[in-house]
Engineer: 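Starting off with a structure, shown below.
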Amino acid sequence: MSTPAQPLAEALSQPLAQNLVQSVDWLAIAPPTVTAVVGLVVLVTDLFVPDARKSLLGWISVAGLAAAALTLPPLVNDDRSTFCLTGDADVCSYTADTFTLALQFLVLGGALVTALLSVTAVKDADRGLPEGEFWFLLLSSAAGAALLPASRDLATLIVALEVASLPAFALVGLRQGDRRSSEAALKFFLSSVTATAVSLMGISFVYASTGTLYLTQVAERVQDVDGQLATLAQTGVVLTLVGFAFKTAAVPFHFWVPDTYVGAPLPIAAYLSVIGKAVGFSGLILVTVIALPSYADVWGPALAVLAALTMTVGNVGALRQRATRAYSAVRLLAWSSVGQAGYLLVPIAAAAYSDDPERSIGSTVAYALMYAAVNLGAFAVAALVGRMRARNRVADYRGLYASNPLTALLLAFFLLCLAGLPPGVIGLFAKVTVFSAAVDAGLGWLAVVMAANVVIALVYYLQWTALLFRAPEEAPEEAAATARHRAPAPLTAAIGVTAVLAVALSGAPQLILRFAATGLF
């Protein structure tokens, strides 16, 4: 029988050459690298660009994110790994497989739409948002978010998580002289720092008990831990899961979401609702399915309960929003995002009970891609309405069809996708896929809870949709003035991109639903 210190002693006794890395595969690491380099370019350029031409920084950022996204197609169907141990080429820190590429597409595509929204928001802020700092922070966060799904060791995973999170704190509180923004940033900071501290403690316990940080090696060694280290490993598993539950805004760690979304600039709220969730869920998947499959009896039931609580609290919170309350549209989307996080947790929990966990994880990825497209679209329309009505209440959307028919139709389509109703076919199919994952895994009770929550969500989504087509309360001349209000080109582009993507996915849902039927790792 091995002694408690044996795994760590074996790791320390390996030759130094075993810890060196192989040559770098630059194509594999191109997506996060290009994003990070463009961020540095923006930071340096800001020193030399006069105030009158600061808008150039925004377009450099948009172009950089588009360039980073264009590095993804050459990697399709070609699993690549780099930063591997020289003694074992199968143990690597960075892997670009189907799972990685799907989530990097989500992150970079979502960041690109956020950048388009931000070009208008920064201009409207009239120097209330410092442009150089804003774009550098956004690109830095996007680089970390793109790195995280490719991480295959715990050190890279936690570094990527913090590179994605730390700039987001500053982005939330970047508006000068705005008390709501400062309070939102403080809540977000405190909750995220707590999550990081808990995660780091858990990871340190796992490392101490296994002697390795690589996910595949952790999966092998954590099964054979014995003696006093067994308790340490179990504690580390629990703490790591709690830390990532914070990052995914799962109940009861969701308290920061509504106030943070309201206090942040609207494009950053959209960014957190999509990319922030992608970061948390991709990290959670890597830790549970790749590193800790032997502890499925621990994290499976825990995630199932968290999924049920999260979708219920989120949907009930959205249902309770008053249409006349200031910023109620953003608050409703915030609570809705909490509910959607519950749906995303369902297949991950199902993976613990399934004979084919990759299919369950594929359901989460497919749902996340659908959610990203339509939720960013809803936030883009909210940004447009917020330019005309600063309080951005749900009541302000009444009669939107009379003043802006196309925008109203698109918002209705986005909301129906989120609700899972035709013509939002992709939303319906994505929910059926998640529902099937729960049923196939034997989680019938969770499928029932999900079905009940889908019905609850229908109420507030349909109420908002119906409001768009009611007769406006404003005078005819005010409605005419609203109709003449032209949307800026970047904002129009953001709405257009999300609309085209959502319609295309509804017409050809197999583009993403195939992830639920094929292996990702």
Side-chain angles (χ1 to χ4, degrees), residues 24-41 60-83 92-116 138-152 156-157 160-161 163-164 271 274-279 281-283 285-286 358 361-362 364-376 426 493-494 496-498 500-502 504-505 508-516 518-521:
V24 178
D25 186 341
W26 290 104
L27 180 59
I29 66 172
T33 302
V34 170
T35 307
V37 169
V38 174
L40 293 174
V41 169
I60 293 175
S61 302
V62 170
L65 288 167
L70 289 175
T71 63
L72 295 174
L75 297 171
V76 175
N77 299 323
D78 185 18
D79 289 359
R80 306 166 78 108
S81 297
T82 189
F83 299 113
C92 305
S93 293
Y94 187 104
T95 298
D97 53 15
T98 304
F99 172 79
T100 298
L101 297 181
L103 284 169
Q104 285 182 337
F105 172 77
L106 187 160
V107 166
L108 296 175
L112 179 58
V113 173
T114 301
L116 289 171
L138 179 62
L139 290 165
S140 298
S141 180
L147 172 61
L148 193 139
S151 304
R152 293 298 183 273
T156 306
L157 186 68
L161 187 65
V163 171
Y271 179 85
V274 172
I275 287 78
K277 278 188 173 46
V279 167
F281 280 100
S282 56
I285 289 169
L286 291 172
E358 289 190 23
I361 297 307
T364 290
V365 173
Y367 195 93
L369 289 168
M370 178 282 300
Y371 168 73
V374 298
N375 204 61
L376 284 172
I426 187 58
V497 167
T498 53
V500 168
L501 188 57
L505 291 178
Q510 67 273 15
L511 292 174
I512 61 171
L513 294 183
R514 65 184 180 87
F515 292 123
T518 59
L520 289 175
F521 297 108

Engineer: Measure the spacing between CZ of Arg80 and CD1 of Ile29 and express it to the nearest 0.5 Å.
Structural biologist: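 Atom-to-atom, Arg80:CZ and Ile29:CD1 are 11.0 Å apart.
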
Engineer: Hey, is the main chain of Arg152 close enough, under 3.5 Å, to the side chain of Thr156 for a donor-acceptor pair?
Structural biologist: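 Checked: no pair found.
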
Engineer: Enumerate donor-acceptor pairs with a distance under 3.5 Å from any side-chain N or O in residues 364-376 to protein atoms, sequence neighbours excluded.
Structural biologist:
from   : atom 1 : to     : atom 2 : distance (Å)
Thr364 : OG1    : Leu344 : O      : 3.2
Tyr367 : OH     : Gln340 : OE1    : 2.5
Tyr367 : OH     : Lys431 : NZ     : 2.9
Tyr371 : OH     : Ser273 : O      : 3.2
Tyr371 : OH     : Asn375 : ND2    : 3.3
Asn375 : ND2    : Ser273 : OG     : 3.0

Engineer: Does the Ser141 side chain pair with the main chain of Ala164, one donor and one acceptor, at a distance under 3.5 Å?
Structural biologist: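 Yes, the answer is positive, given that a donor and an acceptor are paired below the 3.5 Å cut-off.
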
Engineer: Say you draw a straight line from CG of Leu157 to OG of Ser93; how long is it, rounded to the nearest 0.5 Å?
Structural biologist: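 Output value for this atom pair is 11.0 Å.
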
Engineer: Could you state the interatomic distance from CG (Leu75) to CG (Leu101), rounded to the nearest 0.5 Å?
Structural biologist: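 Going from the CG atom of Leu75 to the CG atom of Leu101 covers 5.5 Å.
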
Engineer: I'd like to know if the side chain of Thr82 and the backbone of Asp25 have a donor-acceptor N/O pair within less than 3.5 Å.
Structural biologist: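 Yes, because the side chain of Thr82 sits within donor-acceptor range (under 3.5 Å) of the backbone of Asp25.
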
Engineer: For the OG atom of Ser140 and the CG atom of Leu40, what is their distance to the nearest 0.5 Å?
Structural biologist: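 Reported to 0.5 Å precision, the distance equals 7.0 Å.
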
Engineer: Test your reading of the model: is there a side-chain donor-acceptor pair from Tyr271 to the backbone of Ala142, 3.5 Å cut-off?
Structural biologist: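 Side chain of Tyr271 to backbone of Ala142: a pair is present.
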
Engineer: Answer yes or no: is there a side-chain heavy-atom contact under 4.5 Å between Tyr94 and Pro32?
Structural biologist: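 With C-beta onward as the side chain, the pair touches.
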
Engineer: Any chance you could measure Leu65, atom CG, to Thr35, atom OG1, to the nearest 0.5 Å?
Structural biologist: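 If I round to the nearest 0.5 Å, the distance is 5.5 Å.
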
Engineer: Just verifying a value: how many Å separate Leu148 CG and Ile275 CD1, rounded to the nearest 0.5 Å?
Structural biologist: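 The CD1 atom of Ile275 is 13.0 Å from CG of Leu148, to the nearest 0.5 Å.
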
Engineer: For Leu511, give me all partners under side chain to side chain contact (heavy atoms under 4.5 Å, CB included), at least two apart in sequence or on another chain.
Structural biologist: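 Side chain to side chain contact (heavy atoms under 4.5 Å, CB included) list for Leu511, sorted by chain: Leu505, Ala508.
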
Engineer: Name every donor-acceptor pair, under 3.5 Å, that has one atom in a side chain of residues 108-115 and the other anywhere in the protein, sequence neighbours excluded.
Structural biologist:
from   : atom 1 : to     : atom 2 : distance (Å)
Thr114 : OG1    : Gly110 : O      : 2.8

Engineer: Is it the case that the side chain of Thr100 and the backbone of Pro149 share a donor-acceptor pair, with hydrogens and angles ignored and the cut-off at 3.5 Å?
Structural biologist: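 Looks like yes, one N/O pair under 3.5 Å.
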
